[in-house]
Colleague: 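Take a look at this one; I'll ask things after.
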Amino acid sequence: MTLSTFRSCFIVLATISCISLNVTAGEMPRLVSKDGRHELLVDGNPFFILGAQMNNSSDWPAFLPQVWAAIDDIHANTLEAPVYWQQVERHEGKFNFSDLDTLISQARKHNVRLVLLWFGSWKNGSMNYAPDWVKLDTACFPREWDAKDQPQTILSVFSKATLDADRRAFVALMQHLKETDGTRHTVIMVQVENETGTWGFTRDHSPAAESAFRGQVPPDLLQAMHKEPGTWDQVFGSDADETFSAYTIARFVDQVASAGKAVYNLPMYANASLRDPEDPNARPGATYQSGGPSYNMIDVWKVAAKSLDILCPDIYLHGASSYMKTLQLYDRPDNALFVPETTNFPAYSRFLFAVIGMGGIGFSPFGIDYTSYTNYPLGADRISKDALFPLSEEYQLLCPMDEEIARLSYEGKVKTAVEYADTSVHTATLNFGKWVATVSYGLPQFGYGDNPPGNPSHDGCALVAEIGPNEFLVTGIDSRVRFSLSAAESGQSMQFLRVEQGEYVKDKWKFLRHWNGDQTDWGLNFKHDPAVLHVKLETF
Ligand code: DGJ
């Protein structure tokens with residue numbers, strides 16, 4: 001079999017084996033945690049979200065064909081799709097989820113799971129997805145006021161009527177999911193609101209908000225932050241406005257989420273417009289939304305929104321260093337790492353490997369459909385099959401073994417390497433105790449290379465997982481992996497016992513051939529053919 005024939009066989013098998021959506025009821029999707037690590041279980045099985053989020057206005061039946069074409073091209077196992085409050089409750093108290101039913105039934109046909117995004121009171125710091133009857137009644141549904149006391153296109157969280165209305169609609173959504181998807185679990189997770197917080201000012205200044213701001217900081221927040229009682233200004237000083245905003249918005253989101261969970265208990269999360277961890281001039285409301293779960297407000301959100309399972313970063317930051325720092329800030333013993341949105345620039349798809357290596361539960365670039373909208377310069381200026389190739393080759397590689405990867409990652413057995421553009425170092429070292437895997441970028445497949453130059457497109461990545469004593473699963477793209485013994489093993493030599501190339505079919509290993517000779521003499525070289533290896537090492 002030639003490599004190209006092998007590749008096309010692999011593609012067919014990968015597509016078939018990606019997900020099997022059982023018709024029988026499994027256990028509810030849920031997150032589990034152990035020793036600071038996290039795992040998403042879907043129908044009781046480990047699941048890593050190889051996701052994609054459609055553009056904001058794409059979740060309408062007439063446009064779904066352009067969404068599915070892209071989702072099928074990239075081999076995603078999960079689609080993130082908005083549910084618009086304005087659309088499902090056009091008339092107050094009357095709900096219509098027929099378009100959602102269409103989405104769910106098409107997702108099943110495409111063997112793809114769904115993460116639904118509740119575009120309710122909040123969408124990117126505005127209320128644009130609220131129904132007309134909410135937008136038109138500012139007395140019942142009051143607005144936030146900015147620092148100059150001007151009402152904004154933002155619903156104030158200090159309104160019981162707004163909370164009641166949003167919560168009732170969200171509960172109706174969850175009830176509908178329970179009735180129509182409660183045994184299938186096509187929908188595996190829900191995002192509650194979208195990028196809460198304000199741009200242009202730091203907190204709500206409406207009369208109700210002012211009165212709350214003059215009051216005492218709630219005891220649960222004081223206790224968690226180890227602070228003495230006082231007003232917001234007294235307790236938090238220059239951070240008072242942002243902390244007040246974060247706490248009060250998080251309380252609102254929490255009440256919406258907990259009511260939804262009470263009827264149908266899916267994992268739920270909130271997403272953050274990011275504060276750049278490397279920006280010394282970062283200012284809430286100016287360089288990022290004030291009041292959302294930005295990294296500096298995670299502790300506040302954890303206190304105020306206990307019913308949320310995860311707080312997540314929407315990563316559009318440029319540069320490997322800011323990107324990696326952000327991943328580290330959201331990867332916490334009390335917070336699973338999930339990237340529900342990230343730039344669709346082709347070069348950034350390799351950060352999927354970083355998320356896997358850190359034990360994350362999913363990764364999902366934004367704006368993946370063929371409706372011809374692009375959010376350039378946040379992402380690519382063209383979304384086409386070619387532009388999506390880097391993401392698609394990664395998903396094609398990993399999709400058949402997503403369960404295996406999720407399981408190994410939860411056990412702490414997976415290490416990954418990602419090539420950085422902004423460095424002169426083109427190697428990385430992955431330590432597995434007795435064994436060391438050295439990853440290098442930009443070398444030809446044949447011959448030694450002491451000074452790897454890096455790849456021109458900086459697209460290199462590699463994944464090494466310990467699957468048994470002296471045994472590793474190894475894969476990658478545009479990279480070379482060499483094994484050696486660690487310094488502690490001096491006096492011993494190593495050899496390959498065998499290097500098997502195979503594939504995962506329904507997460508079970510299927511042997512295809514041995515790599516030997518040129519294919520192993522210079523290290524294990526990965527290009528753009530989706531090769532997965534099981535490597536057995538020995539000492540002598
Ligand atoms: C982040 C938001 O959450 C998305 O819905 C979208 O508006 C992007 N920003 C920009 O395309």
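This is a predicted model, so every value here is computed, not measured. Ligands are counted one by one from 1 in listed order, and the atoms in each one are counted from 1 as well.
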Colleague: Any carboxylate oxygen within less than 4.0 angstrom of a Lys/Arg side-chain nitrogen, looking at Asp146 and Lys148?
Modeller: no
Colleague: Show me, by chain and number, every protein residue that has a heavy-atom distance under 4.0 Å to ligand 1.
Modeller: Asn56, Lys123, Asn124, Asn194, Glu195, Asn271, Asp314, Tyr316, Glu341, Phe366, Asn375, Leu378
Colleague: Does Arg37 qualify as a cation-pi partner of Tyr410, given the criterion of NZ or CZ under 6.0 Å from the six-membered ring centre and within 45 degrees of its axis?
Modeller: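 Because its charged atom misses either the 6.0 Å distance or the 45° angle limit, Arg37 does not stack over Tyr410.
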Colleague: Does any non-hydrogen side-chain atom of Glu39 lie less than 4.5 Å from one of Leu31?
Modeller: no
Colleague: State whether a side-chain donor-acceptor pair under 3.5 Å links Ser364 with Glu80.
Modeller: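 Glu80 and Ser364 do have a side-chain donor-acceptor pair below 3.5 Å.
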Colleague: Tabulate below the donor-acceptor pairs under 3.5 Å that side-chain atoms of residues 57-65 make, not counting sequence neighbours, or state none.
Modeller:
| residue | atom | partner | partner atom | Å |
| --- | --- | --- | --- | --- |
| Ser58 | OG | Asp369 | OD2 | 2.6 |

Colleague: So that I can tick it off, tell me whether Asp299 and Lys302 are bridged by a salt bridge, with the cut-off set at under 4.0 angstrom between side-chain N and carboxylate O.
Modeller: no
